[in-house]
Amino acid sequence: MKQAVRDWVRAARHIAVLSGAGMSAESGVPTFRDAQTGLWAKYRPEDLATPEAFRADPKMVWEWYASRRAKLREVEPNAGHRAIAAFQQRHPGRMTVITQNVDGLHQRAGSAGVLALHGNIAEDKWLDVPKACCDPAATVGHAPPRCPVCGNMRRPGVVWFGEMLPPAELAEAERAAQACELMLVVGTSGMVYPAAGLARTTAGRVVVVNPGESELDDAADAVLRGTAAQLLPYLLDE
Ligand code: OAD
(Lines give C-alpha, C1' and ligand atoms only; values in the text may rest on other atoms or scores of the structure.)
Protein backbone atom coordinates (compact mmCIF):
# COMPACT_ATOMS: atom_id res chain seq x y z
CA MET A 1 0.00 0.00 0.00
CA LYS A 2 2.91 2.33 0.75
CA GLN A 3 4.05 2.12 -2.86
CA ALA A 4 0.52 2.89 -4.13
CA VAL A 5 0.34 5.95 -1.89
CA ARG A 6 3.69 7.12 -3.19
CA ASP A 7 2.28 6.86 -6.70
CA TRP A 8 -0.78 8.88 -5.62
CA VAL A 9 1.57 11.55 -4.29
CA ARG A 10 3.39 11.67 -7.64
CA ALA A 11 0.14 11.94 -9.59
CA ALA A 12 -1.63 14.51 -7.41
CA ARG A 13 -1.61 18.06 -8.73
CA HIS A 14 -2.55 19.37 -5.33
CA ILE A 15 -2.00 17.75 -1.94
CA ALA A 16 -3.29 18.86 1.45
CA VAL A 17 -1.67 17.70 4.67
CA LEU A 18 -3.88 17.70 7.76
CA SER A 19 -1.67 17.21 10.79
CA GLY A 20 -2.28 16.69 14.47
CA ALA A 21 -0.28 16.17 17.62
CA GLY A 22 1.20 12.84 16.45
CA MET A 23 3.08 14.79 13.76
CA SER A 24 5.26 16.24 16.53
CA ALA A 25 5.41 13.17 18.79
CA GLU A 26 8.82 12.15 17.45
CA SER A 27 10.08 15.66 18.25
CA GLY A 28 9.27 14.87 21.88
CA VAL A 29 6.02 16.84 22.12
CA PRO A 30 3.32 14.96 24.05
CA THR A 31 0.03 14.30 22.23
CA PHE A 32 -3.32 15.08 23.86
CA ARG A 33 -5.07 11.74 24.02
CA ASP A 34 -2.35 9.14 24.54
CA ALA A 35 -3.53 7.14 27.55
CA GLN A 36 -0.20 7.41 29.42
CA THR A 37 1.68 10.45 28.18
CA GLY A 38 -1.11 12.56 26.67
CA LEU A 39 -1.74 16.03 28.08
CA TRP A 40 -5.43 15.25 28.54
CA ALA A 41 -4.53 12.15 30.57
CA LYS A 42 -2.86 14.41 33.15
CA TYR A 43 -4.97 17.57 32.96
CA ARG A 44 -8.63 18.27 32.38
CA PRO A 45 -9.16 20.41 29.26
CA GLU A 46 -11.98 22.29 30.96
CA ASP A 47 -9.53 23.43 33.70
CA LEU A 48 -6.99 24.80 31.23
CA ALA A 49 -8.21 25.17 27.69
CA THR A 50 -11.35 27.27 27.91
CA PRO A 51 -11.94 31.02 28.25
CA GLU A 52 -13.85 30.29 31.47
CA ALA A 53 -10.85 28.50 32.97
CA PHE A 54 -8.62 31.43 32.13
CA ARG A 55 -11.00 33.98 33.64
CA ALA A 56 -11.34 31.82 36.77
CA ASP A 57 -7.59 31.42 37.33
CA PRO A 58 -5.54 33.43 34.81
CA LYS A 59 -2.26 32.93 36.65
CA MET A 60 -2.52 29.14 36.73
CA VAL A 61 -3.56 28.85 33.07
CA TRP A 62 -0.94 31.40 31.93
CA GLU A 63 1.77 29.50 33.79
CA TRP A 64 0.69 26.15 32.35
CA TYR A 65 0.98 27.57 28.85
CA ALA A 66 4.28 29.26 29.77
CA SER A 67 5.70 25.89 30.81
CA ARG A 68 4.52 24.31 27.54
CA ARG A 69 6.10 27.19 25.61
CA ALA A 70 9.38 26.70 27.44
CA LYS A 71 9.39 22.96 26.63
CA LEU A 72 8.61 23.66 22.97
CA ARG A 73 11.61 25.95 22.72
CA GLU A 74 13.77 22.88 23.39
CA VAL A 75 12.38 20.65 20.63
CA GLU A 76 13.18 20.49 16.94
CA PRO A 77 11.18 19.59 13.84
CA ASN A 78 11.48 15.90 12.98
CA ALA A 79 12.03 14.06 9.69
CA GLY A 80 8.29 14.20 8.97
CA HIS A 81 8.08 18.00 9.23
CA ARG A 82 11.24 18.27 7.18
CA ALA A 83 9.97 15.95 4.42
CA ILE A 84 6.82 18.08 4.08
CA ALA A 85 8.77 21.34 3.94
CA ALA A 86 11.27 19.92 1.44
CA PHE A 87 8.41 18.71 -0.80
CA GLN A 88 6.84 22.17 -0.73
CA GLN A 89 10.15 23.74 -1.62
CA ARG A 90 10.66 21.36 -4.56
CA HIS A 91 7.04 21.79 -5.73
CA PRO A 92 5.95 25.34 -5.00
CA GLY A 93 2.17 25.75 -4.77
CA ARG A 94 1.47 22.02 -4.86
CA MET A 95 1.01 21.28 -1.15
CA THR A 96 -0.98 23.06 1.56
CA VAL A 97 -0.25 22.30 5.20
CA ILE A 98 -3.23 22.49 7.52
CA THR A 99 -2.33 21.84 11.12
CA GLN A 100 -4.12 21.55 14.43
CA ASN A 101 -0.76 21.94 16.16
CA VAL A 102 0.15 25.10 17.99
CA ASP A 103 3.84 24.20 18.30
CA GLY A 104 5.11 26.02 15.18
CA LEU A 105 7.25 23.03 14.13
CA HIS A 106 5.98 22.92 10.52
CA GLN A 107 6.90 26.59 10.20
CA ARG A 108 10.30 26.05 11.79
CA ALA A 109 10.99 23.17 9.37
CA GLY A 110 10.50 25.67 6.54
CA SER A 111 6.88 25.11 5.50
CA ALA A 112 5.34 28.23 4.03
CA GLY A 113 1.69 29.30 4.30
CA VAL A 114 0.87 26.90 7.15
CA LEU A 115 -2.81 27.12 8.10
CA ALA A 116 -2.60 26.87 11.90
CA LEU A 117 -6.25 26.20 12.70
CA HIS A 118 -5.72 26.16 16.47
CA GLY A 119 -3.36 29.15 16.62
CA ASN A 120 0.23 29.38 17.77
CA ILE A 121 1.33 28.92 21.36
CA ALA A 122 4.29 31.28 20.92
CA GLU A 123 1.94 34.21 20.36
CA ASP A 124 -0.41 36.01 22.73
CA LYS A 125 -3.49 38.09 22.11
CA TRP A 126 -5.95 40.16 24.17
CA LEU A 127 -8.59 38.29 26.16
CA ASP A 128 -11.24 40.96 25.60
CA VAL A 129 -11.68 43.11 22.52
CA PRO A 130 -8.85 45.66 22.86
CA LYS A 131 -9.64 49.30 23.54
CA ALA A 132 -7.53 52.27 22.47
CA CYS A 133 -5.56 51.95 25.72
CA CYS A 134 -4.55 48.31 25.08
CA ASP A 135 -0.97 48.35 23.81
CA PRO A 136 0.82 44.96 23.82
CA ALA A 137 4.14 46.76 24.20
CA ALA A 138 3.01 48.59 27.35
CA THR A 139 1.62 45.90 29.63
CA VAL A 140 2.22 45.44 33.33
CA GLY A 141 2.71 42.21 35.28
CA HIS A 142 3.67 38.89 33.79
CA ALA A 143 1.27 36.10 34.68
CA PRO A 144 -0.55 37.30 32.66
CA PRO A 145 0.52 40.73 31.44
CA ARG A 146 -2.31 43.29 31.63
CA CYS A 147 -3.21 46.66 30.18
CA PRO A 148 -2.34 49.14 32.95
CA VAL A 149 -5.38 51.26 32.10
CA CYS A 150 -8.32 48.87 31.71
CA GLY A 151 -6.89 45.61 33.07
CA ASN A 152 -7.48 43.62 29.85
CA MET A 153 -5.27 40.53 29.97
CA ARG A 154 -2.95 38.97 27.42
CA ARG A 155 -3.74 35.29 26.80
CA PRO A 156 -2.14 32.51 24.75
CA GLY A 157 -2.80 32.79 21.01
CA VAL A 158 -4.41 29.37 20.81
CA VAL A 159 -7.98 28.29 20.15
CA TRP A 160 -9.71 27.00 23.27
CA PHE A 161 -12.66 24.65 23.54
CA GLY A 162 -15.85 26.45 22.69
CA GLU A 163 -14.08 29.10 20.59
CA MET A 164 -14.28 29.74 16.86
CA LEU A 165 -11.38 28.80 14.63
CA PRO A 166 -9.67 31.73 12.88
CA PRO A 167 -12.13 32.30 10.01
CA ALA A 168 -9.63 33.15 7.26
CA GLU A 169 -7.48 30.07 7.99
CA LEU A 170 -10.53 27.81 8.21
CA ALA A 171 -11.92 29.13 4.90
CA GLU A 172 -8.59 28.59 3.21
CA ALA A 173 -8.30 25.10 4.68
CA GLU A 174 -11.79 24.28 3.38
CA ARG A 175 -10.79 25.52 -0.07
CA ALA A 176 -7.61 23.42 0.00
CA ALA A 177 -9.59 20.36 1.12
CA GLN A 178 -12.03 20.87 -1.73
CA ALA A 179 -9.35 21.45 -4.33
CA CYS A 180 -6.85 18.75 -3.43
CA GLU A 181 -6.58 15.42 -5.15
CA LEU A 182 -4.93 13.83 -2.12
CA MET A 183 -5.14 14.56 1.58
CA LEU A 184 -2.53 13.13 3.96
CA VAL A 185 -4.02 12.95 7.45
CA VAL A 186 -1.03 12.66 9.76
CA GLY A 187 -0.99 12.07 13.50
CA THR A 188 -4.50 13.09 14.47
CA SER A 189 -7.12 11.18 16.41
CA GLY A 190 -9.71 12.88 14.19
CA MET A 191 -11.89 13.62 17.20
CA VAL A 192 -11.91 17.41 17.13
CA TYR A 193 -14.12 19.29 14.71
CA PRO A 194 -14.21 21.25 12.48
CA ALA A 195 -10.61 20.24 11.66
CA ALA A 196 -11.43 16.53 11.39
CA GLY A 197 -14.35 17.34 9.11
CA LEU A 198 -11.92 18.49 6.42
CA ALA A 199 -10.98 14.87 5.82
CA ARG A 200 -14.64 13.95 5.45
CA THR A 201 -15.48 16.68 2.96
CA THR A 202 -12.43 16.58 0.73
CA ALA A 203 -12.96 15.68 -2.88
CA GLY A 204 -9.55 14.00 -2.96
CA ARG A 205 -8.26 10.63 -1.84
CA VAL A 206 -7.59 10.38 1.88
CA VAL A 207 -4.55 8.64 3.36
CA VAL A 208 -4.22 8.26 7.12
CA VAL A 209 -0.68 8.05 8.53
CA ASN A 210 -0.90 6.94 12.13
CA PRO A 211 0.63 4.10 14.18
CA GLY A 212 -2.70 3.62 15.96
CA GLU A 213 -6.38 3.67 15.12
CA SER A 214 -8.08 6.97 14.41
CA GLU A 215 -11.62 8.21 14.01
CA LEU A 216 -10.81 9.03 10.39
CA ASP A 217 -9.76 5.52 9.37
CA ASP A 218 -13.24 4.92 7.96
CA ALA A 219 -12.92 7.99 5.70
CA ALA A 220 -9.59 6.83 4.29
CA ASP A 221 -8.76 5.28 0.93
CA ALA A 222 -5.61 3.95 2.59
CA VAL A 223 -4.47 3.65 6.18
CA LEU A 224 -0.72 3.44 6.73
CA ARG A 225 0.21 2.18 10.19
CA GLY A 226 3.46 3.93 10.89
CA THR A 227 4.82 7.15 12.25
CA ALA A 228 5.16 10.53 10.61
CA ALA A 229 8.95 10.56 10.76
CA GLN A 230 9.18 7.01 9.36
CA LEU A 231 6.65 7.27 6.56
CA LEU A 232 6.63 10.84 5.25
CA PRO A 233 10.24 10.90 3.99
CA TYR A 234 9.43 7.76 1.96
CA LEU A 235 6.06 8.98 0.67
CA LEU A 236 7.25 12.47 -0.25
CA ASP A 237 10.64 11.73 -1.77
CA GLU A 238 9.64 12.68 -5.32
P1 OAD B 1 -4.56 13.52 19.75
O2 OAD B 1 -3.70 13.44 20.96
O3 OAD B 1 -6.03 13.44 19.93
O4 OAD B 1 -4.15 12.38 18.72
C5 OAD B 1 -2.81 12.15 18.37
C6 OAD B 1 -2.77 11.07 17.30
O7 OAD B 1 -1.44 10.93 16.86
C8 OAD B 1 -3.25 9.69 17.78
O9 OAD B 1 -4.17 9.18 16.84
C10 OAD B 1 -1.95 8.86 17.80
O11 OAD B 1 -2.18 7.48 17.46
C12 OAD B 1 -1.15 9.54 16.70
N13 OAD B 1 0.31 9.40 16.81
C14 OAD B 1 1.07 9.21 17.92
N15 OAD B 1 2.37 9.17 17.61
C16 OAD B 1 2.45 9.36 16.27
C17 OAD B 1 3.54 9.45 15.33
N18 OAD B 1 4.80 9.35 15.74
N19 OAD B 1 3.25 9.64 14.01
C20 OAD B 1 1.97 9.76 13.61
N21 OAD B 1 0.90 9.68 14.45
C22 OAD B 1 1.14 9.50 15.75
O23 OAD B 1 -4.15 14.88 18.99
P24 OAD B 1 -4.96 15.71 17.89
O25 OAD B 1 -5.73 14.82 16.99
O26 OAD B 1 -4.00 16.65 17.28
O27 OAD B 1 -7.03 21.13 20.36
O28 OAD B 1 -5.96 16.52 18.80
C29 OAD B 1 -6.80 17.45 18.20
C30 OAD B 1 -6.98 18.64 19.10
O31 OAD B 1 -7.41 18.22 20.40
C32 OAD B 1 -5.72 19.42 19.39
O33 OAD B 1 -5.39 20.36 18.37
C34 OAD B 1 -6.06 20.13 20.66
C35 OAD B 1 -6.67 18.98 21.41
O36 OAD B 1 -7.52 19.31 22.45
C37 OAD B 1 -6.93 22.35 20.88
O38 OAD B 1 -6.04 22.65 21.63
C39 OAD B 1 -8.00 23.28 20.41
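Every number for a ligand or one of its atoms is a count from 1 in the order of the listing. Not measured: the values here are computed from a predicted model.
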Problem - Heavy-atom proximity to atom 13 (N) of ligand 1, best of Ala195, Ala116, Gly22 - result: Gly22

Handout entry: For Glu26, the ligand 1 atoms whose distance to one of its heavy atoms is below 4.0 Å
Key = 17 (C), 18 (N), 19 (N)

Handout entry: Point-to-point distance, once rounded to the nearest 0.5 Å, from OG1 of Thr188 to CG of Leu18
Key = 6.0 Å

Handout entry: CD/Gln178: more than 12 non-hydrogen atoms of other groups inside 6.0 Å
Key = yes

Problem - Side-chain heavy atoms of Ile15 within contact of Met183, under 4.5 Å - result: no

Problem - Ser214-ligand 1 polar pair, N/O distance under 3.5 Å - result: no

Problem - Distance-only N or O hit between ligand 1 and Gly226, under 3.5 Å - result: no

Problem - Non-hydrogen atoms of Thr31 and Ala21 that approach each other most closely - result: CA-CB, 3.7 Å

Completion exercise
Tightest non-hydrogen contact, residues Met153 and Pro144, listed as SD-CG, 3.7 Å

Completion exercise
A student checking ligand 1 against Phe161 at a 4.0 Å heavy-atom cut-off should list atoms 36 (O)

Handout entry: ligand 1 to Thr227 polar contact by distance, N or O atoms, under 3.5 Å
Key = no

Practice task
Check each of Pro211, Ala25, Ala21 against atom 22 (C) of ligand 1 and report the one with the nearest heavy atom.
Solution key: Pro211

Problem - Nitrogen or oxygen atoms of Trp160 and ligand 1 under 3.5 Å apart - result: no

Completion exercise
All heavy atoms of Ala12 vs all of Glu181, minimum pair found to be CA-OE1, 3.4 Å

Handout entry: For Gly20, the ligand 1 atoms whose distance to one of its heavy atoms is below 4.0 Å
Key = 26 (O)

Practice task
Find the distance between SG (Cys134) and CZ (Arg154) and round it off to the nearest 0.5 Å.
Solution key: 9.0 Å

Exercise for the section: Give the single entry among Val158, Leu165, Val159 that approaches atom 38 (O) of ligand 1 most closely by any heavy atom. Expected result: Val159

Problem - Pair Glu163-Arg155, salt bridge (charged side-chain N to carboxylate O under 4.0 Å, His left out): steps then yes or no - result: CA-CA 14 Å; Glu163 293 187 315; Arg155 55 158 279 188; 2.7 Å; yes

Problem - Contact (N/O only, under 3.5 Å) between Arg33 and ligand 1 - result: yes

Practice task
Would you check the N or O atoms of Val186, main chain and side chain alike, for any that come under 3.5 Å of an N or O of ligand 1?
Solution key: no

